[in-house]
Amino acid sequence: MRLHLALALATLTSSALTSAALISSACADEVEDAHRQALQGRDSSWNCLAREYSPDHIKTMSAQDFTADIAAACPSERQNFRVMLMDYLSMQHPDAEAGAHLSTANRAIELAQKDIVTAFTRHKAAPN
């Protein structure tokens, strides 16, 4: 009887470990998929901002006008990136405060916009 009980417990434990490994693997796949989607969102947002930086578009713009243009440009791409990044961050850090992921995503967007405005300002200041 003890042998049967021991075998049953061993089988149950082995089955539980296998299930846990499968769940862990599925979670890892979901995190990787979320990461890939966040990168695609970032790329889409950057490509949209890059279109705003086209030479014909910026020749006559002031730095202030360009900054305002970039801040208003690409709203759907920006929102998609924000959502995808927040989804990924929530999987990576599920115990973080609710607003932490939003703050991180907004900061990433802000830095991307700042980078393109900096490039514009340097381009305008460079001698032709």
Side-chain angles (χ1 to χ4, degrees):
M1 179 72 166
R2 282 186 162 175
L3 181 59
H4 292 292
L5 184 56
L7 285 173
L9 286 174
T11 302
L12 180 60
T13 303
S14 175
S15 176
L17 289 175
T18 301
S19 294
L22 289 173
I23 290 169
S24 178
S25 176
C27 288
D29 289 345
E30 287 179 24
V31 170
E32 182 57 35
D33 189 46
H35 183 243
R36 183 184 51 73
Q37 290 178 0
L39 292 175
Q40 287 175 342
R42 177 205 61 194
D43 292 347
S44 176
S45 180
W46 261 101
N47 289 336
C48 184
L49 290 176
R51 288 189 295 274
E52 294 295 313
Y53 189 72
S54 67
D56 292 336
H57 186 81
I58 64 173
K59 279 183 183 175
T60 60
M61 292 183 89
S62 69
Q64 185 177 8
D65 288 342
F66 183 73
T67 301
D69 187 52
I70 287 299
C74 312
S76 62
E77 291 86 351
R78 183 174 55 242
Q79 180 62 13
N80 183 56
F81 175 44
R82 180 181 291 114
V83 169
M84 294 297 120
L85 183 55
M86 287 174 54
D87 186 42
Y88 172 64
L89 291 172
S90 68
M91 289 180 175
Q92 286 289 94
H93 309 284
D95 297 330
E97 283 186 34
H101 301 314
L102 177 60
S103 294
T104 299
N106 286 339
R107 182 72 176 140
I109 291 165
E110 176 187 324
L111 290 173
Q113 291 173 336
K114 182 180 177 186
D115 284 349
I116 201 159
V117 168
T118 299
F120 171 84
T121 304
R122 287 182 182 157
H123 176 80
K124 289 293 256 189
N128 294 333

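Any value given below was found using the heavy atoms of this structure, including those in side chains, with hydrogens, waters and symmetry copies removed.
- In terms of the ring-ring contact (aromatic ring centres under 6.0 Å, His included) criterion, His101 has no residue partners (sequence neighbours excluded).
- Between Phe120 and Phe66, the ring planes are parallel. Angles under 30° get that label, and only those over 60° would be called perpendicular.
- Here disulfide (SG to SG under 2.5 Å) pairs that include residues 58-115, with residues two or more places apart or in two chains, are Cys48-Cys74.
- Glu32 pairs by the salt bridge (charged side-chain N to carboxylate O under 4.0 Å, His left out) definition with nothing, not counting sequence neighbours.
- Applying the side-chain hydrogen bond (donor to acceptor under 3.5 Å, both in side chains) criterion to Ser62, with sequence neighbours excluded, gives Asp65.
- Listed by chain and number, the hydrophobic cluster partners of Met86 are Leu102, where partners are ILVMFWY side chains within reach of under 4.5 Å, directly or through others.
- Residues satisfying the salt bridge (charged side-chain N to carboxylate O under 4.0 Å, His left out) criterion with Asp43, sequence neighbours excluded, are absent altogether.
- Scored by the side-chain hydrogen bond (donor to acceptor under 3.5 Å, both in side chains) test, Asp33 finds Arg36, Gln37 as partners (sequence neighbours excluded).
- Here Phe81 pairs with nothing under the ring-ring contact (aromatic ring centres under 6.0 Å, His included) rule; sequence neighbours left out.
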Output a table of donor-acceptor pairs, distance under 3.5 Å, between side-chain atoms of residues 108-119 and any protein atom two or more places apart or on a different chain; print 'none' if there are none.
{"unit_1": "Glu110", "atom_1": "OE2", "unit_2": "Arg107", "atom_2": "NH1", "d": "2.6"}
{"unit_1": "Thr118", "atom_1": "OG1", "unit_2": "Lys114", "atom_2": "O", "d": "2.9"}

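- Annotation: salt bridge (charged side-chain N to carboxylate O under 4.0 Å, His left out) contacts involving residues 83-94, sequence neighbours excluded, are absent.
- Listed by chain and residue number, nothing satisfies the salt bridge (charged side-chain N to carboxylate O under 4.0 Å, His left out) test with Arg122 (two or more places apart in sequence, or in another chain).
- Take Arg78 and apply the side-chain hydrogen bond (donor to acceptor under 3.5 Å, both in side chains) test, not counting sequence neighbours, and it matches no residue.
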